[in-house]
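Here is the structure we will look at, set down as structure tokens.
Computed from heavy atoms alone, side chains included, the values below leave out hydrogens, waters and symmetry copies.
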Amino acid sequence: MLKEVLKHIPKRYTIGLVVLLLGLIALEVAMTCAIPMWRDYFYDILQLKLADQFHTSLTYFLLLMTGLGLAQGLKAWVGQLVSFEVRKSATDLLFSKWSKAPKASTNYTQAMTESLRNSTELYLEIIVEIIISLSIVVVLVLASLHQPLIIIASLIYTAVASLAAMLFNKPLVRSDKDWQSEEGAFRESLVELTNKNSKVSPLDSLVKVVRSYYIYIRIVMYFTLFTRMKSTLASLIPYMLLAGSFFTGTITLGDFMAGVAAFELLVINATILLILYPKLTKARASYQISQEFYNGLRSRK
């Protein structure tokens with residue numbers, strides 16, 4: 001289905017948007033990777049009590065955060081424009097095939113509306129964030145080669161957390177897909193009721209929606225608890241690793257805080273899939289619904 005969708009996207013306009021999006025991604029990566037450098041500079045000023053440079057350092061921070069905020073805001077806007085072009089093309093494709101096929105197709109409302117919206121918006125957002133995070137990880141690893149302990153600890157932490165998160169993959173995709181499918185069936189039962197062709201009671205269908213939704217949010221709750229525990233542990237590790245060197249005078253306060261920032265950014269960006277996991281599983285579940293609907297239409301030729 002994806003190949004057919006990409007054939008019908010307006011090429012020049014979409015390519016222009018993608019180029020702009022890549023430029024904003026590069027800007028965000030550069031700004032993010034400058035944060036540990038600013039921390040090094042700022043906390044050394046505090047340690048050395050350089051009052052004449054204090055306000056200058058805050059000005060740098062304001063410029064850095066303003067640039068990062070603008071890059072992230074514009075990136076989100078351009079990304080939404082790109083995803084909407086994909087959604088329009090996908091909707092045209094599914095609708096053109098559905099309009100020529102028998103209208104008894106199941107889950108057609110879900111497949112052509114919410115599932116397409118979820119899959120196009122979320123997949124693009126995830127791809128963009130992965131590109132940004134991988135770029136940040138590469139830059140920070142190269143910039144932190146003088147702190148091998150930070151790099152090794154962040155990689156070990158990422159590997160352990162990622163393996164644990166894999167346990168949630170299939171349950172999240174399966175429960176989300178079941179919930180979305182029941183939502184579509186519920187809407188279709190309402191349509192059939194208004195046309196007096198109802199074979200299933202909307203109330204019975206709603207019961208299935210409720211049951212599948214409760215299953216989904218329970219699994220999401222377990223995953224959320226896991227991510228909260230992971231984040232709490234991650235905030236303590238760099239302080240524990242660098243405290244000894246700082247108290248013995250081997251590193252300055254600026255080095256200490258730059259190391260903390262580098263670890264936090266490495267972990268956040270190396271584990272980006274864990275942060276995006278609920279969105280990724282929803283995107284996969286949504287795409288599966290639309291893909292199955294598309295395959296069903298093709299089989300009726």
Side-chain angles (χ1 to χ4, degrees), residues 22 24-40 43 64 68 71-72 75-76 79 122-173 176 219-246 251 254-285:
L22 291 174
L24 292 169
I25 288 173
L27 181 59
E28 181 176 345
V29 170
M31 294 287 186
T32 303
C33 292
I35 292 175
M37 298 169 58
W38 178 84
R39 281 203 184 184
D40 190 352
Y43 283 100
L64 179 62
L68 182 59
Q72 290 175 333
K75 176 201 69 181
L122 294 178
Y123 264 130
L124 183 67
E125 179 184 345
I126 291 165
I127 291 170
V128 168
E129 293 304 320
I130 288 175
I131 293 172
I132 291 172
S133 294
L134 288 178
S135 302
I136 290 173
V137 168
V138 171
V139 173
L140 287 178
V141 167
L142 294 175
S144 304
L145 291 176
H146 63 290
Q147 292 181 312
L149 194 60
I150 288 294
I151 297 175
I152 294 171
S154 62
L155 293 177
I156 293 174
Y157 175 86
T158 299
V160 173
S162 299
L163 288 173
M166 288 177 65
L167 299 174
F168 294 92
N169 182 42
K170 287 185 178 180
L172 279 170
V173 174
D176 199 339
I219 297 173
V220 170
M221 178 194 68
Y222 294 150
F223 182 77
T224 302
L225 292 174
F226 163 72
T227 55
R228 293 294 183 270
M229 293 173 61
K230 173 184 70 70
S231 300
T232 300
L233 179 62
S235 64
L236 295 176
I237 291 175
Y239 290 97
M240 296 169 61
L241 291 175
L242 298 171
S245 298
F246 174 71
I251 61 175
D255 293 330
F256 182 89
M257 296 309 297
V260 171
F263 181 87
E264 291 174 345
L265 288 171
L266 277 170
V267 165
I268 288 172
N269 289 283
T271 60
I272 189 64
L273 277 179
L274 304 190
I275 297 170
L276 296 172
Y277 225 55
K279 291 184 178 181
L280 177 60
T281 54
K282 182 174 287 295
R284 289 181 60 193

Do you know which two heavy atoms are closest between [X] and [Y], and how far apart they sit?
| X | Y | value |
| --- | --- | --- |
| I131 | S135 | O-OG, 2.8 Å |
| L64 | M31 | CD1-O, 3.4 Å |
| A161 | F226 | O-CZ, 3.6 Å |
| Y123 | A283 | CE1-O, 3.6 Å |
| A165 | F223 | CB-CE1, 4.4 Å |
| A270 | V137 | N-CG2, 3.7 Å |

Taking the side chain as every heavy atom from C-beta outward, state whether [X] and [Y] have any pair of such atoms under 4.5 Å apart.
| X | Y | result |
| --- | --- | --- |
| L122 | L280 | no |
| P36 | L140 | yes |
| D176 | L172 | no |
| N269 | L134 | no |
| I132 | K75 | yes |
| Q147 | I152 | no |

When rounded to the nearest 0.5 angstrom, what distance separates [atom1] in [X] from [atom2] in [Y]?
| X | Y | atom1 | atom2 | result |
| --- | --- | --- | --- | --- |
| L149 | F263 | CG | CZ | 9.5 Å |
| L265 | S144 | CG | OG | 9.5 Å |
| F256 | D40 | CZ | CG | 13.0 Å |
| I237 | I156 | CD1 | CD1 | 9.5 Å |
| L27 | Q72 | CG | CD | 9.5 Å |
| L266 | L155 | CG | CG | 7.5 Å |

Is T227 reaching over with its side chain to a backbone N or O of T224, donor-acceptor style, under 3.5 angstrom?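 Yes, because the side chain of T227 sits within donor-acceptor range (under 3.5 Å) of the backbone of T224.
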
For the backbone of I130 and the side chain of S133, can you confirm whether one donor and one acceptor N or O come within less than 3.5 Å of each other?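 A pair under 3.5 Å: no.
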
With a 4.0 Å cut-off on N to O distance, would you call E129 and K279 a salt bridge?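 Salt bridge between E129 and K279, a charged N being under 4.0 Å from a carboxylate O: no.
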
Counting only heavy atoms not in R39 (residues, nucleotides, ligands), do more than 12 fall under 6.0 Å from its CZ?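 More than 12 within 6.0 Å, yes.
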
Are more than 12 heavy atoms from other residues, nucleotides or ligands located less than 6.0 Å from atom CE of M221?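 Yes - once you tally the heavy atoms of other residues, nucleotides and ligands closer than 6.0 Å, there are more than 12.
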
Mind running side chain to side chain contact (heavy atoms under 4.5 Å, CB included) on I150 and L242 for me, showing each step along the way? CA-CA 9 Å; I150 288 294; L242 298 171; 4.0 Å; yes

Let me see the working for L233 and Y157 under side chain to side chain contact (heavy atoms under 4.5 Å, CB included), right down to the final yes or no. CA-CA 10 Å; L233 179 62; Y157 175 86; 4.0 Å; yes

Assess the pair Y277 and F168: is the distance between their ring centroids shorter than 6.0 Å?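 When the ring centroids of Y277 and F168 are compared, they turn out to be at least 6.0 Å apart.
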
For the residue pair Y43 and W38, does the interplanar ring angle fall in the parallel (under 30°), tilted (30 to 60°) or perpendicular (over 60°) class?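 Judged by the thresholds at 30° and 60°, the geometry between Y43 and W38 is perpendicular.
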
